[in-house]
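Okay, so here's the structure we're looking at.
Convention: sequence-line order gives letters A, B, ...; per-chain numbering from 1.
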Amino acid sequence: MAETSPVRIDGVRDIVQRHGALPTRLLQILREIQDDLRWLPAEALDSVAEALGIAPDRVRRVAEFYAFLYTAPRGAYNILFSDNITDRMLGNRALLHALCARLGVGIGETRADGRVTVGTTSCTGMCDQGPAALVNGQAVTRLDAARIASIATLVEQQAPLEQWPRELFEVTSNIRRADILLGRHFADGAALRAVLKRGPAAILDELLKSGLRGQGGAGFKSAAKWRSCREASGAVKYVVCNADEGEPGTFKDRVLMQDFADLVFEGMTLCGRVMGARQGFVYLRGEYRYLLDALRDTLQRRREVGLLGTAILGEPDFNFDIEIHLGAGAYVCGEESALIESLEGKHGVPRIRPPFPTTHGYLNQPTVVNNVETFAAAAKIAVEGGDWFASRGTAESKGTKLLSLSGDCERPGIYEYPFGVTVRRVLEDCGARDAQGIQMAGPAGHMISAKLFDRRICFEDLATGGSFMVFDQQRDILDGIRNFTHFFVHESCGFCTPCRVGTVLMRDLVIKVHTGHGTRYDLEEMRTLGRIMQVACHCGLGQTAPNPVLDSLEQFPEAYERRLRSTAFEPAFDLNAALEEARRLTGRHDPGAYLNEEELLLGAMP
Amino acid sequence: MNEPRLKIATCSLAGCFGCHMSLLDLDERLFELAERIELDRSPLTDIKELGFCDIGLIEGGVCNAENVHVLLEFRARCKTLVAIGACALNGGVPALRNQFTLSDCLEESYLRGIGLVNAQIPSDPELPLLLNKVHPLHEIVRIDYFLPGCPPAADAIWTFISQLLSGQPPALSYTQIHYD
């Protein structure tokens with residue numbers, strides 16, 4: 001086949017050399033090879049292993065781990081529909097079927113002529129402008145019947161992606177409410193001037209006073225993390241910005257990277273100065289690849305004006321640079337130790353902690369991993385002071401939080417609130433008049449019903465990384481739960497059994513109830529399974545995976561109960577239909593060739 | 001007067017009777033067991049009609065319509081139903097056919113086999129009709145307890161039954177259900 005000809009394999013060696021033959025660049029190398037070849041043939045993988053001097057198995061494991069790396073041929077156009085519940089609410093399934101029908105291809109399949117592959121993927125972070133999709137890795141938004149027709153025509157005409165109408169790829173920021181982070185002007189370089197003038201210790205004090213906590217959702221005190229890393233022994237230290245915003249329903253980091261990249265880079269550079277690091281990485285989720293060129297331009301501009309690179313602001317010993325590492329579709333890489341593994345060019349499986357990244361992070365060196373929003377806030381705090389930031393928020397949660405609003409509301413988008421805002425206030429502001437429930441902090445977070453709408457968003461009450469998906473009274477809560485259980489099955493990294501097997505069992509139980517085969521016994525099974533997963537899984541992914549089911553059993557019992565059968569137990573499948581193939585093969589139609597449900601029950605009764 | 005004995009029924013569905021053999025491996029403990037229980041329907045008694053029982057022990061998975069009838073009958077008439085052995089728990093060896101279609105399996109055996117004369121797929125109504133897949137018991141009925149093993153060791157069966165008979169919730173030590 002043309003794809004695997006010797007000439008193309010030479011191209012593989014060029015790509016490896018361009019990355020300095022560094023095994024840490026493995027994921028980036030594979031991405032670039034795939035850009036050339038559309039997929040990763042075994043010959044290419046072996047060639048990479050040889051050029052990097054690492055085991056072929058390690059290369060193959062990486063190639064097979066990430067959702068956006070393909071070890072089988074894909075179409076020239078690779079179209080992946082975002083399949084979050086918010087996309088479903090906006091009608092993505094009908095559009096998916098419509099496109100497949102127009103192109104004559106099945107879901108998840110590549111057309112025989114190799115022109116196009118159509119499939120689904122986890123949430124692409126466009127929940128406020130869905131239904132969304134990725135076409136050859138580029139984000140497409142606001143899909144409707146007309147856009148689907150247009151895409152089908154472009155594919156049939158074999159139009160190069162650069163010639164597709166620009167409006168298909170338009171991503172808007174939709175900032176609906178700005179507070180101190182998004183609302184106030186920030187002069188580039190102000191935070192770096194502040195740290196040069198006042199010294200790292202003074203900046204750490206401001207950070208401590210500010211009370212800033214990790215905005216990814218975990219809420220670890222940023223000052224403590226930075227200080228611990230600053231004091232850790234290690235010749236080389238690293239700053240990592242976690243922009244692997246994979247939690248379905250979250251898109252605030254996308255907006256920060258799109259509109260406030262300077263502020264984020266400034267926060268990272270500040271962190272580098274405070275803890276004595278010279279290298280920073282942004283781990284950008286693969287779904288946000290459309291931002292890559294602009295972000296690299298921004299980095300280059302900052303180097304040119306002396307805010308990045310060597311001798312920053314003319315200070316000879318202030319050297320710090322940032323490299324962008326692109327992910328390839330793995331939710332688990334949002335967990336910081338899995339993210340570091342991925343940065344090192346490995347498949348992203350969480351490490352056993354402790355030791356924590358602050359002492360043993362990237363390449364086992366002290367590393368600060370913070371969320372995009374945390375770096376942005378840190379830059380502002382360096383300029384405006386800790387007291388200024390701490391004047392907003394609650395006792396334990398200082399400052400503001402960016403919320404990503406989506407689902408059933410009139411004005412989806414980004415809302416910045418001081419910590420402590422009530423759920424009810426948020427719902428009023430975004431025009432959610434008829435909310436039945438909220439999935440807070442994504443599928444891994446918590447589902448809350450109307451009786452909890454007076455609770456407050458802060459670490460003391462409802463902690464969140466920012467996802468806020470609204471379900472109105474017309475929605476079936478169980479549709480959402482079923483969608484979330486599919487998500488966790490797909491995203492489990494497979495390393496530990498309670499998660500790998502537990503997510504599948506949970507999904508099957510939810511489907512059983514959702515399709516009307518469930519009994520009370522199955523609900524009890526879900527609770528038992530959920531409790532096992534919470535304590536037995538290796539990392540946060542598996543430990544939180546049962547949350548949507550456990551919460552909704554508690555908050556929305558009627559969503560389950562109205563579907564239950566009154567019997568003690570029901571099979572999850574149709575017994576009589578399971579005999580159909582044998583009936584056809586034997587031509588039998590005697591009474592023994594059927595399993596009639598009512599007769600079965602009567603027959604079994606004594 | 002003797003205290004009333006608990007009634008136990010056993011059967012093998014899509015299994016190999018290996019779990020029943022392991023039950024017989026109780027050896028001299030069978031005498032003690034015989035004093036404490038009364039056997040109802042079981043391959044050991046040849047009683048055809050299942051009565052009301054306290055405990056039902058089932059080996060084997062569910063591969064055909066007859067298995068479904070027997071399993072539902074056990075569920076309806078046994079207070080406590082126990083799945084014993086790998087096939088009952090997971091489908092086991094019979095479930096290896098699940099990766100092929102039923103047509104492929106039957107055609108391979110009855111139409112394409114070597115030396116067949118007058119090849120045909122058996123269609124006698126006396127024969128139970130096969131389900132398209134082999135299922136573990138818990139996919140068809142509610143199961144109260146699971147005893148893993150291929151087969152479970154006689155010691156494990158003894159511990160398990162003794163605990164059930166004495167009214168304790170069964171709990172086996174790791175070594176009794178550890179097989180690798």
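- Contact record, A:Glu581 with B:Ser103: OE2-OG, 2.6 Å, taken as the closest heavy-atom pair.
- Going from atom CD of B:Glu66 over to atom CG of A:Leu595 covers 11.5 Å, rounded to the nearest 0.5 Å.
- Counting only heavy atoms from C-beta outward, the side chains of A:Phe573 and B:Ile140 approach each other to under 4.5 Å.
- When every heavy atom of A:Gly592 is checked against every heavy atom of B:Ala65, the shortest pair comes out as O-CB, 4.3 Å.
- Listed here is the closest heavy atom pair of A:Tyr521 and B:Ile143: OH-O, 3.4 Å.
- At a 4.5 Å heavy-atom cutoff, the contact between A:Arg584 and chain B is made by side-chain atoms alone.
- From B:Ser123, atom OG reaches atom NE2 of A:His589 across 11.0 Å, with rounding to the nearest 0.5 Å.
- Among B:Leu50, B:Leu71, B:Leu102, B:Ile121, the residue making the largest number of heavy-atom pairs under 4.5 Å with chain A is B:Leu102.
- Rounding to the nearest 0.5 angstrom, the gap separating the CZ atom in B:Arg142 from the CZ atom in A:Arg520 is 13.5 Å.
- Closest approach of A:Arg588 to B:Leu127, counting heavy atoms only: NH1-O, 2.7 Å.
- Atom CD of A:Glu554 has 12 or fewer neighbouring heavy atoms from other residues, nucleotides or ligands inside a 6.0 Å radius.
- The parts of A:Leu575 that come within reach of chain B are both its backbone and its side chain, each placing non-hydrogen atoms under 4.5 angstrom from that chain.
- Looking at B:Glu107, the atoms closer than 4.5 Å to chain A (heavy atoms on both sides) all sit in the side chain, from C-beta outward.
- Annotation for A:Leu579 and B:Leu130: closest pair CD2-O, 3.4 Å, computed over non-hydrogen atoms.
- When heavy atoms are compared at a cutoff of 4.5 Å, B:Leu106 approaches chain A solely by way of its side chain, counted from C-beta outward.
- Within a 6.0 Å radius of CD in B:Gln168, other residues, nucleotides and ligands contribute more than 12 heavy atoms.
- For B:Asn64, no part lies under 4.5 angstrom from a heavy atom of chain A.
- Contact record, A:Ala582 with B:Leu129: CB-CG, 3.7 Å, taken as the closest heavy-atom pair.
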